[in-house]
Each structure stands twice: as C-alpha cells, then as structure tokens.
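What follows is a single structure, written as structure tokens, with notes after it.
Note that these values count all heavy atoms, side chains included, but never hydrogens, waters or copies made by symmetry.
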Amino acid sequence: MQAGERMSLEQIQAFLEASEEVEFTARNKEEVYGWVNQTLRQIRYQELNRSGRGLVRRYVAKMTGLSRAQVTRLLGFYLRGEEVKLKPYRRRRFRQRYTRKDTELLAAMDEAHDTLSGPATQKILQRACYDFGDVQYQRLAELSVAQLYRLRKSRAYRQLLATYQPTRPTKVAIGERRRPRPEGRPGFLRVDTVHQGDLDGVKGVYHINSVDEVTQWENVGAAAQISEAYLLPVLEDLLEQYPFHILGFHSDNGSEFINHTLAKLLNKLLIDQTKSRPRHSNDNGQVESKNAAVVRKHMGYSHITAGHAAEIGAFYKRYLNPYLNFHRPCGVPTEVADGKGKVKRVYRWYATPWEILRQLPGLAGYLKAGVTIETLEQLAGAQTDTAAAAEMQAAKQKLFATFQRRQTA
C-alpha cells in the first residue's frame, strides 16, 4: 500500500461515492500504519473541521479495511502528536523479586537441613530474619510456601543443590476401604496371616486365618510363602471349606491379599473385596483376636520351617477346623449402651459356630449347593466335644513329633 499525491476533500468524497460497493482489505499491518500516517500528514488532518475529519475517517476505513474503533484509535494517536506506527511487541513480565543471592541462601539452608518440607523451611527462614536478626534473609522471610517450591524447581537452585526424591507409593485400586456390612448374613470373612518366625535366615511357615464375622466360623490354612503362587491355592481351599456362600473378603493392606491375582479370583466368585481403613486399628480386630486365641495357642511361637506347610495344612483341614466349628464354643457379643451412650460389648451367650449358624433365619438359602442342614447336623453329632478335642490334640502331638524328628536329623 502506497500513498499517492495529496487528495482534496472533494476528491475523497467522489472516491467514496464511486467505490461504495467495493471493499478493501490490507495485508501488511506495518504498511497500513505507514500509509495512514502519511495520508493524515498530507491532508493536514489536525486542521480539518468536524465534517472533514468524518470524511477522512471514512476514507481511511475504506482503504485499510480497519474497523471504526481501530481507525478512531489511530486518528487519536495522530491528534496527540504521536506518529502512527506499529508498536513492537513487548511481553508482559513480572518484576523479579527474588535474586540469585536469595536462591543461593535457600539452597545452602536446604543443604544444611536436608531439604525439609515447605512449611518447615518457611519457619526457619522467618526465624533467621526475625529471631536472629540476619538481614540477608529479609526477602526470604516473606516467601510463601508455593513460591519456595517454585524456587526449588528453578535452574539456578538445581545447579547449586541436586535433591533425589524416592519413589512415592501409588494408590492401588484393589478393594474398597470400608468396614464390611454383613447385616446378619453369613459369608463375610475376615482374613489375616500369622508368621511362625525366622531362624538363622530360614523362613517360617505362614498361617492363613479366616473368620466369618457373623457366625465366627473359622478355617485355618498354611502356606510355605505368602507369594501369589503359594497363597492362592490355600485361599481357594479355605473358601471351599465354608458350608455357605462367601459374600465378602476383608483383609489388611498387605500385598499378599491386595494383588491383581487374588482380586481376579474374588471377582470370578462374585466376592466383594474390602480392606482396612487408616486410623481404624480395630477394622480387622476379630480375626486378629482369633490369631492369638487359636493359631498361637495351638501352634505356639517357636520357629517352624516353611517345609512343614503341607502337613500343617492337612492337620488344619482334617482335625482343627472341624473342632473349631462344631465343638469349640465362642462368645457371642451383645452391644449394650450405658446412660452416657457409650456402647459396650458383653458376652452372655456362648455357642459353637455351627449353633450360631443354625439359628439364623433362612439358613438354607445361604448354604452352598450340595450342603444341607442335615449333613451339618451329622458332622456336629458324630463326636462329643471332648472326644473331638482329644482326637485333635493327639493329631497335633504327632504333627509336632515330626517337626522334632526332622530337626534332629
């Protein structure tokens, strides 16, 4: 776009009338501004009256394709004595508040204190300035925690102090963190592991304890290790031993239970998996109390090598589990609230897990296919409680005798 000879107002009027149906569009903004500035100077725009200026405004808008507001802004620049030209782009930047010296002070302090958390470091900076009167920390004393972390990410800081952060734990989306809600139904298990200890670098056997929350039906198994390859067959066998359908599986947050292999098995069996919540130490308290009252009482605390897992598992399935469920009474808790509203559990009724299960309404609907109430009654009445206990104790003595013979050998 180039400016030609100086045009009069009459020529501009004629041009606008002749080109009323024609629209012009500028392609180079820098040339447009130069043409506008030269045209206004040639026409002596500042000396024109109101009607003349309106005519020039229409002319500039027609030739440049700019909007009315843009043309008015450019004409205003010219009237204020400024040259109409394209201003260079200037990026807006905040004024730098913290200097290189501040970054060096922060890096030195972090190195001395092994990079504390943001709020703790902020407190040390404030103490350095206000309590100990060190004026070089005056700007850093007003540093926010967010800006502190930004300074730590700056290139200048990382050149002075390189910090290494360990891998953070990731959230595992297996199991739901909540307490099971059986609502009087059997089939909601509490599961935990009991380790028989290590001796001279030799691993001990792992006991897998599972208890039904409502009936206290308890099945115990044994595994040489708590890896998935060893633990999964034991859990499948424990679930199979229960006479009723399993609806829930609750454990702590150990990786032996919170893993994709077990989650796949439970999903296949349509079993709801839950896990203990933080700051709720009693979430899995029922099975933990059974760990002491049953597993530790019968197996003790001495070291038993992992090689005996198969023998212990057979003893549990053949002798201990039937004794626990048909011949060993358990205390059934009843919640009683005092005058202040505090809930206390009292144990007024003692019964075997089978007796607790038998008195549940609609029991037949909870039992697995092929399991009947008559079959369970026959198992419960096949032996007296004392005879079953004596048989279990004799089998346990033989089991422990094999431990001693192997250790001697």
Centre-to-centre under 6.0 Å for His250 and Phe188, is that the case here?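 Not close enough - the centres of the two rings lie 6.0 Å or further apart.
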
Does the ring centre of Tyr59 sit less than 6.0 Å away from the ring centre of Trp35?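 Yes, the ring of Trp35 comes within the 6.0 Å limit of the ring of Tyr59, centre to centre.
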
State which residues pass side-chain contact (heavy atoms from CB on, under 4.5 Å) with Ser289; sequence neighbours excluded, sorted by chain then number.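 Not a single residue meets the side-chain contact (heavy atoms from CB on, under 4.5 Å) criterion with Ser289.
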
Who are the side-chain contact (heavy atoms from CB on, under 4.5 Å) partners of Ser281, not counting sequence neighbours?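 side-chain contact (heavy atoms from CB on, under 4.5 Å) list for Ser281, sorted by chain: empty.
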
Give the table of side-chain donor-acceptor pairs shorter than 3.5 Å for residues 124-134, with sequence neighbours excluded, one pair per line with atom names and distance.
residue, atom, partner, partner atom, Å
Asp134, OD1, Gln136, N, 3.4
Asp134, OD1, Gln136, NE2, 3.4
Asp134, OD2, Gln136, NE2, 3.1

Hey, can you pull the donor-acceptor pairs under 3.5 Å for the side chains in residues 217-227, sequence neighbours left out?
residue, atom, partner, partner atom, Å
Glu218, OE2, Asn209, ND2, 3.2
Asn219, OD1, Asn325, ND2, 3.4

Identify every side-chain donor-acceptor pair in residues 199-208 under 3.5 Å, counting partners at least two apart or on other chains, and give the distances.
residue, atom, partner, partner atom, Å
Lys203, NZ, Asp198, OD2, 3.3
His207, ND1, Tyr316, OH, 2.8
His207, NE2, Gln196, OE1, 2.6

Please report, to 0.1 Å, the donor-acceptor pairs under 3.5 Å made by any side chain of residues 333-345, with sequence neighbours excluded.
residue, atom, partner, partner atom, Å
Asp338, OD1, Lys340, N, 3.1
Asp338, OD1, Gly341, N, 3.0
Asp338, OD1, Lys342, N, 2.8

Could you check whether atom CZ of Arg179 has more than 12 heavy atoms from other residues, nucleotides or ligands sitting under 6.0 Å from it? no

Has Glu30 got more than 12 heavy atoms of other residues, nucleotides or ligands less than 6.0 Å from its CD? no

So His327 and Tyr323, would you call those rings parallel, tilted or perpendicular, with 30° and 60° as cut-offs?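 Parallel: the ring planes of His327 and Tyr323 meet at under 30°.
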
Please confirm whether Arg53 makes a cation-pi placement over Tyr45, using NZ or CZ under 6.0 Å from the six-membered ring centre and within 45° of the ring normal. yes

Whether the side chain of Arg58 engages the backbone of Leu55 through a donor-acceptor N/O pair (distance < 3.5 Å, no angle test) should be reported.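 No; judged by distance alone, with no hydrogens or angles, the pair does not exist.
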
Assess the side chains of Thr39 and Gln42: does a donor N or O sit below 3.5 Å from an acceptor N or O?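 Looking only at side-chain atoms, Gln42 and Thr39 do not form any donor-acceptor pair under 3.5 Å.
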
